[in-house]
Amino acid sequence: MANFATFCFLCVSLSMSYYLHAMAHEWPAGGSTRFYDFKVQTLRVTKLCNTKEIVTINKKFPGPVVYAQEDDRIIVKVTNETPYNATIHWHGVRQKLSCWFDGPSYITQCPIQAGQTFTYEFTLVKQKGTFFWHAHVSWLRATVYGAIVVYPKTGVPYPFKHPYEEHIVILGEYWLKDVVQLEQQVLASGGAAPPADAFTINSHPGPNYNCSRNDVYKIDVVPGKTYMLRLINAALNMENFFAIAYHKLTVVEADAEYTKSFTTDRVMLGPGQTMNVLVTADQPIGKYSMAMGPYMSAKNVSFQNISAVAYFQYVGAAPNSLSLPANLPSFNDNLAVKTVMDGLRSLNPVDVPEEIDASLFVTVGLNVNKCRSKTPQKNCQGTNNGTFAASMNNITFMKPTISILEAYYKKIDGQFTEDFPGAPLKFYDFVNGAPNNAPNNTQARNGTRTKVLEFGSRVQIIFQDTGTVTTENHPIHLHGYSFYVIGYGTGNFNPQTANFNLIDPPYMNTIGVPVGGWAVIRFVADNPGVWFMHCHLDIHQSWGLGAVLIVENGKGPLETLPHPPADLPRC
Ligand code: C2O
């Protein structure tokens with residue numbers, strides 16, 4: 001098996017490098033270059049009758065939109081004018097040969113410290129659609145986020161009727177506390193994260209919340225016209241349903257890749273997911289709610305249950321009329337989530353790797369560690385007086401002290417190891433085999449472990465949710481790649497019964513692994529660098545639900561990661 005895989009890897013890599021050599025001077029030619037100036041700045045805002053300082057880009061909340069066209073080059077100078085550490089990640093941008101500019105702190109760069117500057121430069125190679133950027137350090141992402149809208153090349157139409165208008169709709173979560181301190185407090189407590197104080201749509205909580213009757217986002221619509229909403233879930237610790245009262249949503253794009261159009265009453269987005277939906281104003285003139293509510297699949301977790309509401313308001317509707325309520329699924333409606341997933345199909349037949357060179361089986365879930373504190377009341381508020389953690393294959397990811405990419409590139413020892421296991425230590429009934437009540441030591445081990453992949457290898461990853469503490473839908477995000485989601489289901493993954501779609505699976509960058517279930521992804525590891533793979537619920541990431549894939553250089557010039565930029569921040 002191993003020999004066969006190696007042999008085949010060689011033939012693939014040879015033919016691929018030949019192909020890329022032949023292309024060398026045609027790519028990346030790119031389109032135009034777009035420059036942006038991002039100043040990390042604090043802003044005083046009043047929400048929910050409370051005034052506080054939040055961290056923003058250019059004092060905008062949500063932050064500025066990055067507009068571009070497919071194949072454009074993007075240059076963003078980021079200057080940190082706050083006392084907090086900052087980085088920006090360009091979520092969903094595949095960063096072809098530009099891993100240095102990916103943004104996750106301690107993975108590809110040290111944070112940009114107070115007063116410092118770092119310029120991100122990358123090309124949107126063969127990418128278009130709705131993406132977003134966000135801070136990738138501590139929980140700063142709670143307020144440091146904005147949309148990236150990449151149009152097709154000039155003259156290339158959408159594969160659907162051009163909408164009358166487009167609107168960006170960013171789902172978020174808002175805290176009254178300082179989120180950087182909040183993360184530290186939660187980690188020090190050993191317990192769960194408190195719910196957000198509000199859900200927000202384009203940073204507005206809407207009329208269901210205290211003092212927010214006028215803090216509402218609104219789209220004015222002309223009867224009969226079709227609108228495209230670019231939905232982005234930038235929430236920190238929640239997955240969310242979204243629906244518009246009495247209106248159908250037609251999904252045409254997910255994670256910045258076109259899908260077959262699929263009409264539904266509501267969608268679910270995990271944090272990190274984006275979706276373009278068409279909505280036709282085909283109802284009687286009125287004021288309709290666009291609502292964002294919780295999807296919580298874990299047990300015994302407290303969460304915000306008040307939905308954020310925005311208005312989809314027809315021109316001619318009485319401004320003070322009551323808005324018609326949207327029909328959101330109940331918070332634990334797993335079937336509604338499955339229905340959305342079932343609807344996501346790539347628009348055209350796709351090229352899914354059929355042979356696999358590297359196959360990983362990765363469990364994802366929470367853990368409880370034994371209390372090590374002398375003040376357990378204060379520090380061990382997890383199940384059975386333990387402390388909460390999370391892991392992949394029972395390895396809790398610990399951040400190194402400089403970036404893994406820098407350590408790897410400069411061959412600096414002691415920052416990480418290359419022994420992330422390709423499978424869990426033991427196989428058992430991951431979903432139901434856990435005791436009803438987690439013991440206070442689930443044996444997770446700490447480590448900064450990476451998995452090294454040869455350039456060009458065809459990779460399959462089976463993600464398996466565990467019930468060690470509670471089963472839960474985990475939005476797993478992979479940096480540097482999109483991947484085909486070829487299968488998913490509930491229970492334990494079983495190769496005998498698993499059904500794979502190798503014809504038109506969606507091509508995504510974040511996959512919600514079903515609660516108590518599994519998902520299988522495939523991609524070709526043709527982008528060298530150090531790529532973070534983690535749960536996009538920040539509390540899980542803080543607890544260590546992540547691992548790192550290192551993709552080696554290939555042989556040709558377009559298969560080799562360039563040198564680091566001169567202004568790469570130091571730790
Ligand atoms: Cu959008 Cu590593 O994240």
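Small disclaimer: the values here were computed from a predicted structure and weren't measured. Counting starts at 1 for both ligands and their atoms, in listed order.
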query = Do S482 and N509 have side-chain N/O donor and acceptor atoms under 3.5 Å apart?
reply = no

query = Are a donor atom and an acceptor atom from the side chains of T200 and E173 found within less than 3.5 Å of each other?
reply = no

key: Protein N/O/S neighbour count - atom 1 (Cu) of ligand 1, strictly under 2.8 Å   = 3

key: With Y408 via ring pair (Phe, Tyr, Trp, His ring centres under 6.0 Å) - residues at least two apart   = none

request  = Taking the six-membered ring of F416 (Phe, Tyr or Trp), confirm whether the NZ or CZ of K399 is under 6.0 Å from its centre and within 45° of its axis.
outcome  = no

message = Could you check whether H91 and H479 have their ring centres less than 6.0 Å apart?
response = no

task = Can you establish whether the number of heavy atoms outside K60 located under 6.0 Å from its atom NZ is more than 12?
result = no

